[in-house]
Amino acid sequence: MNFFYEAAVLLGAAIIAVPLFQRLGLGSILGYLAVGLLLGPSVLGFIAEPEEVLHFSEFGVVMLLFLIGLEMEPSRLWGMRKQLFGLGLLQLLVCGMLLTPIGLALGLTWELAILLGLILALSSTAFALQLLNEQHRLATPHGQTAFSILLFQDLAVIPLLALLPLFAGDLSGHDSAVWLDIGKAVGMVLAAIVFGRLVFPRVLAFIARSGVHEVFTAAALFMVLTMALVMEWAGLSMALGAFLGGVMLADTVYRHELEANIEPFKGILLGLFFIAVGMSVDLTLVVDEVWWVLGITLALLAAKLVVIALVGMAARLPRQEIPRLATVIAQGGEFDFVLLSAAVSAGVFDQRIASLCIAAVTLSMALTPFLYRGGNWLAVRMRESRPYDKDFGDETPPVLIAGLGRFGQMVARVLKLQGISFTALDPNITQVEFIRRFGSRIYYADAARLDVLRSAGLAQAKLLVIAVDDEEAALTIARMVRNHYPQIKIFARARNRHHTWQLMEIGVDSVVRETFASSMEMSVEVLKGLGYPGSNALEAVRTFRDFDNQLLATSYVHRHDLETLRKTEHEAIAEFQALFQQELKQRRSKETDDAPPSSMANTSVPEER
């Protein structure tokens, strides 16, 4: 019962703290850390042994790596080999060299100081990837580069663990043992690849044919845990084993089902991991030796920020991506806890040095969300440090497009195929430089500035298309153009119904909800997949589209009165359902009268339930 009591308190505290921290813009990770710090031995002492929680919660990191592996097909991973080994090795060695003076300052010999520097050079896979996932930036250039470096660091844990006995000075009989451990590790990696490619897919196919969903979920968990535990037995990282398992299944038909089954367990356990890290903070040590902890933390962050920025330059990342890369992986890593504890057990470091470093690593983790936010701010400033384009040429096309992201590009392509010239403005220099390669008339400029729109020829244009991603920017542009150039037709992209109403208030000529048309097209295909004849599916979706557009216009009057708006929409939906049912009965009656008996089955519409 004590276990359930502790679990209930941990979950309850997380339910309160994490949404609060998210609401304050601090991120979920700091919320979990705060819960751990509050409930840990340093404050309330609710959890007396955080090491046990930390060991159990490491499966959250394991499952995170498995899910990332599912996104990495082997061919894609092979394509990252230069980043993985080149950038990863460069970061580890240079950071280790710059962090070596920390060990010397703590009284270690040169050899042990180098080892400590290499340990502190590791970054937190869990923290970095969670931040990138929350910000939807894992697929960006700095996200992919960070992932490559983190994956190499996970690989580097293996030789660092294997070499600890050598640093302890116990060299007798260990040379052969080290090579034996390395050979065992390589053999297990090869065995994992073989099993992942040949055995696991067949097992999943057999289970899938049984049709029992919970068994498939159990099989997914079993595979993740088995790969992790086998790799740990071989002296490797459990997270690395899970990642390899995910990669081997990335190009199978079970990828999405596995991802859906593992995701809930990953989220809960990863949150528990961050709570356990918070519990591990020894506030007594931090207070007693605060200057040492702060000094190690600042030296750790400063060295890694500089080195990782240089690595980003070596990787030829866009300039604004470099501060994001440096700040997202500048912290210490969760494997520091493992290596430092193992080093104490092997007699390499004393407990004081390990405790100081663990406290500094934990503090660096807690600072990561703030650092990354600063990196994003600096990236925006760096992007805007280049002056906007001022020369838009002498030609004044009839169409001006504000924002050439995915939405704006589709409009631009249609215009280009029709031979209609246009001028596009976008504040993303990376996007501008990429699209210019295809000969499009696009300029690096902020369309939310009236002087820029004037220079681009808005006064002579016939039509303005507002396709920017930011809702407030879209409203600013629409309001400004409507006030100063009322003769210009404005066609705007809207995020949702509320944004649509705001644009309608300004007087935009035509508002298009960005996902509405594609969802209607999907609805047609869904109805056809359910057996509807093509004409009936098109008619049903057309009827709904007209109804929803009419409801959007009708609800506009009550947009500020939530209760009246809810009542109006409820009444309109009820009326539409009645009319639709009546129309459906009339159509079925007509089809029954007109169609020959042999064709009735092919023209009827499935019964509604």
Side-chain angles (χ1 to χ4, degrees), residues 82-106 108 110 113-125 127-129 131-132 135 137 140-154 156 160 291-336 339 356-383 385:
K82 291 183 180 179
Q83 282 185 315
L84 180 64
F85 292 100
L87 300 181
L89 182 61
L90 178 65
Q91 180 272 332
L92 185 67
L93 293 180
V94 179
C95 279
M97 180 182 67
L98 288 182
L99 293 171
T100 295
I102 293 177
L104 296 175
L106 290 169
L108 297 176
W110 270 101
I114 291 173
L115 174 63
L116 182 62
L118 291 173
I119 291 174
L120 294 177
L122 301 176
S123 303
S124 174
T125 301
F127 268 71
L129 295 184
L131 268 178
L132 291 168
Q135 301 286 331
R137 285 177 174 156
T140 61
H142 78 275
Q144 290 295 290
T145 304
F147 175 75
S148 300
I149 293 173
L150 292 168
L151 186 57
F152 179 83
Q153 291 179 358
D154 285 346
L160 287 175
W291 297 115
W292 269 113
V293 174
L294 290 176
I296 295 172
T297 304
L298 292 175
L300 168 69
L301 293 174
K304 296 182 83 169
L305 284 170
V306 171
V307 172
I308 296 167
L310 294 174
V311 168
M313 293 178 187
R316 296 182 178 179
L317 289 179
R319 187 173 59 171
Q320 66 269 19
E321 295 286 284
I322 292 174
R324 292 184 174 123
L325 172 67
T327 52
V328 80
I329 55 174
Q331 75 289 115
E334 56 271 2
F335 290 114
D336 290 353
L339 287 165
L356 287 173
C357 291
I358 287 173
V361 166
T362 306
L363 182 57
S364 72
M365 288 181 174
L367 292 173
T368 298
F370 300 105
L371 282 175
Y372 191 51
R373 185 180 297 180
N376 286 324
W377 178 87
L378 183 58
V380 173
R381 300 283 81 74
M382 291 176 67
R383 185 186 70 189
S385 63

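Applying the side-chain contact (heavy atoms from CB on, under 4.5 Å) rule to Trp110 yields the partners Thr100, Leu104; only residues at least two apart in sequence or on another chain are considered. Annotation: side-chain contact (heavy atoms from CB on, under 4.5 Å) contacts of Leu87 (sequence neighbours excluded): Gln83, Thr145, Ile149, Val311, Ala315.
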Take Leu106 and Trp292 through the side-chain contact (heavy atoms from CB on, under 4.5 Å) test and state the conclusion after the steps.
CA-CA 9 Å; Leu106 290 169; Trp292 269 113; 3.5 Å; yes
Under the side-chain contact (heavy atoms from CB on, under 4.5 Å) criterion, do Ile322 and Met313 qualify, and how do the steps go?
CA-CA 7 Å; Ile322 292 174; Met313 293 178 187; 3.6 Å; yes
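In terms of heavy atoms, Ala309 sits closest to Ala326 at N-CB, 4.1 Å. Scanning all heavy atoms of the two residues, the minimum distance from Gly143 to Leu132 falls at CA-CD1, 4.1 Å. Summarising the geometry of Tyr372 relative to Arg324, their closest heavy-atom pair is CE1-O, 3.5 Å, with the distance given to 0.1 Å. Across every non-hydrogen atom of Ile329 and Ala146, the tightest pair is CG2-CB, 4.1 Å. Of all the heavy atoms in Ala113 and Leu108, the pair that sits closest is N-CB, 4.1 Å. What you find for Leu301 and Ala330 is that their closest heavy atoms are CD2-O, 3.5 Å.
Atom OG of Ser148 sits about 11.0 Å away from atom CD of Gln153, to the nearest 0.5 Å. With rounding to the nearest 0.5 angstrom, the SG atom of Cys95 is 10.0 Å from the CG atom of Leu118. Atoms CG and CG, from Asp336 and Leu116 in turn, are 9.0 Å apart once rounded to the nearest 0.5 Å. With rounding to the nearest 0.5 Å, the separation of CD1 in Ile114 from CG in Leu93 is 11.0 Å. Here the CG atom belonging to Leu89 is positioned 4.5 Å from the CZ atom belonging to Phe152, to the nearest 0.5 angstrom. Leu367 contributes atom CG, which lies 12.0 Å from atom OG1 of Thr327 (distance to the nearest 0.5 angstrom).
Judged by distance alone, the side chains of Thr368 and Gln331 do bring a donor and an acceptor atom under 3.5 Å apart.
Between the side chain of Lys304 and the backbone N or O of Leu122, at least one donor-acceptor pair lies under 3.5 Å. A donor-acceptor pair under 3.5 Å is formed between the side chain of Gln91 and the backbone N or O of Ala121.
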Using residues 357-364 as the side-chain source, report each donor-acceptor pair under 3.5 Å to any protein atom, sequence neighbours left out, with the distance given to one decimal.
| unit_1 | atom_1 | unit_2 | atom_2 | d |
| --- | --- | --- | --- | --- |
| Thr362 | OG1 | Ile358 | O | 2.8 |
| Ser364 | OG | Gly332 | N | 2.9 |
| Ser364 | OG | Val361 | O | 2.6 |

